[in-house]
Amino acid sequence: MGKKIIEVRNLRKDFHVGEVTVHALRGINLDIEEGDFVAIMGTSGSGKSTMLNILGCLDKPTSGSYILDGVAMADLNKNQLARLRNQKLGFVFQSYNLLARTTALENVELPLYYNQNIKAKERRELAIHALESVGLADRMHHTPNQLSGGQQQRVAIARSLVNDPVVILADEATGNLDTRTSYEVMSLFQELNEKGKTIVFVTHEPDIARFTKRNIVCRDGHIIREQEVKDFASALAMLAEIPVNNSFE
Amino acid sequence: MNYTNLTKIALNALRRNKVRAFLTMLGIIIGVASVIAMLAIGEGSKRSIQDQVSSMGTNMLFVMPGSQERGGVQMGNTSAKSLTLEDIQTIRKECPSIIMVSPEVRGSGQVIFGSENAPTTIYGVDEDYLGIKKISVATGRMFTDREIKSYAKVCLVGKTVIKNIFGSDTYDPIGQTIRFKNIPIKIIGVLSEKGQNTFGQDQDDIIIAPYSTVQKRILAITHIQSILASATSEDKASQAYDEMESALRQSHKLKEGDDNDFTIRSQSELIKTFSSISDVLTILLGAIAGISLLVGGIGIMNIMYVSVTERIREIGLRMSVGGRGKDILMQFLMESVMLSVIGGIIGILLGIGAAKLVGSLMSWPVYIQSKAVILSFVVCTFIGIFFGWYPARKAANLDPIDALRYE
């Protein structure tokens, strides 16, 4: 395997709600290498979202260390974290979070606006390229309300790719989609992974997790199980098996 | 994030809510337009007063008998008889800063020609009077020193008098004899037209005659009612004032510590008085307009709060893709500045239009100062920053995790 992208050691996170202290993470150790495709699973309250927030540099741990692509996040201030997110991370959310009444192209360009070094022309080219790689070259000038859920999520994936991040963090990225569209999105993720992208995918659906290479299961702030997916399924192949529902016709 | 991008983002955000943006701007538009229009009207009236007053002669000094106040009691200053022809001689001798000086006696009454008559005022003056008042002789001639000495029954008339008693102001009345208080007086000249003065008084409704004639034949008095004088130049006006005061005190044999038994008014003093009146008016109008600008600013603040609240998820997203607090702050600040500045520009144009419209419809003098336009523009930018600051600050301080999950 390649170099280490994510190295987490004894990570803890406490929340203080009134007088009660909630231990969301109680000593997590995790290594993710380049080219990996990891699913973080767990029920509500298992700590998987907190973990994703910390991995995504949106939140700081109470204790423990987190090194992202050679950078220790404990030493960084808010602005440096923002820069880290801008240059090393890509986010895909359950509810897409696209800007309304803004074209797909402009949505994809968004992260590059926060990078001083990228000029307008390069920004446009990178965004077009990202949209092409998710198969939406013909939808560039459509706004989110003119796109289906699956297409919107693909725009969001293009947005997460546009800055060439070291890792893409997906939070329940298929949660709002039907089975067929979920599989389409998963097949896109698999395709990106095959091209070398490292992906961390948070989900509570085992059905979706089997499309990843490695499953990590959280419960009560601990990692309780970590396993390679042996019969790593191809979403594309599965897609072909689902009968197209023609009953309305 | 650079300003080009910020401007683009702000404009896009406003374009997405065109109607709301316009309604928000409306407060600023109305505020700025009224500031511009009010200041234009205020400044216009101030300037027209100044013009009119100085057209009466900027170097003019005017002496009235009697002090404004004596022993704490306000005196009627026209009743006093303290000014005499000797005062004129003293002023001529003692005041180097005064170039022209004329006595003035006035009588009101009916002027009669044939079967026509009209009320008017006759002014008894000397040759210097026309120079001091900046009146010129349109046709005919001014009376001479000899005519003054001989109490000659000659006069010059204004256009209004001609119109009233001869029926038309184009009539040439030279050589005709009119009667004023039963004294027949021959017209030897016509005064050129001067129009109304600041107080709405018709300056052409006058007859001027030698002061001696008016004193002796019409009013039967020996004193004079006022003295008009002209300083050599405008900057000498205050020096002339001082010279005249000491000359008159000497002539009236006033001891040190005695109050003046006369009052001197200068034209520049009059201009100052009028200017300060219209300045107060301008400030008042400006303040009222300024309040509407403030209300407009509060409108912007309100809408910016709404804008931040409904875009909390967008803010979260922007932060997650690398937007720093500062970037978010600048984005919303830019938006509110855009709102107020665009509103300000529309307001300035509208205000100029409104001022011109009022000017032409009501024939009020208006004057648009570039100072007011620039000031409005600066104030608008300031309002945008000031009222946009708190909502923008609120946006910048959001926690990205909470913002992303906000429903």
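We name chains A, B, ... by the order of the sequence lines, and we start the count at 1 in each one.
For OH of B/Y305, the number of neighbouring non-hydrogen atoms (other residues, nucleotides, ligands) closer than 6.0 Å is greater than 12. Within a 6.0 Å radius of CZ in B/R313, more than 12 heavy atoms belonging to other residues, nucleotides or ligands are found. Within 6.0 Å of OH on B/Y390 lie no more than 12 heavy atoms contributed by other residues, nucleotides or ligands. Crowding of A/H129 atom NE2: a count of heavy atoms from other residues, nucleotides or ligands under 6.0 Å not exceeding 12. Around atom NZ of A/K78, no more than 12 heavy atoms belonging to other residues, nucleotides or ligands sit under 6.0 Å away. In A/R219, the CZ atom is not crowded: 12 or fewer heavy atoms of neighbouring residues, nucleotides or ligands sit closer than 6.0 Å.
A/F93 and B/S320 get closest at one heavy-atom pair: CZ-OG, 3.6 Å. Across all their heavy atoms, B/P400 and A/L58 have their closest contact at CB-CD2, 3.8 Å. Nearest heavy atoms, A/A82 versus B/G323: CB-O, 4.1 Å. When every heavy atom of A/N79 is checked against every heavy atom of B/G325, the shortest pair comes out as OD1-N, 4.5 Å. B/R16 approaches A/R101 most closely through the heavy-atom pair O-NH1, 3.0 Å.
Both the backbone and the side chain of A/S95 come within less than 4.5 Å of a heavy atom of chain B. With a 4.5 Å cut-off on non-hydrogen atoms, A/N117 does not touch chain B at all. At a 4.5 Å heavy-atom cutoff, A/A120 makes no contact with chain B through either its backbone or its side chain. Looking at A/L89, neither its backbone nor its side chain comes within 4.5 Å of chain B, counting heavy atoms on both sides.
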Intermediate values then yes/no, side chain to side chain donor-acceptor pair (under 3.5 Å), A/Y113 and B/R318: CA-CA 10 Å; A/Y113 272 107; B/R318 285 181 184 276; over 6 Å; no
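For the pair A/N97 and B/L404, the minimum side-chain heavy-atom distance is below 4.5 Å. Looking at A/R159 and B/L317, their side chains come closer than 4.5 Å, going by heavy atoms from C-beta outward.
Rounding to the nearest 0.5 Å gives a distance of 7.0 Å between CD1 of B/I9 and CG of A/L110. Separating the CG atom in A/N77 from the CZ atom in B/R324 is a distance of 10.5 Å, to the nearest 0.5 Å.
A side-chain donor-acceptor contact under 3.5 Å links A/R85 to the backbone of B/M319.
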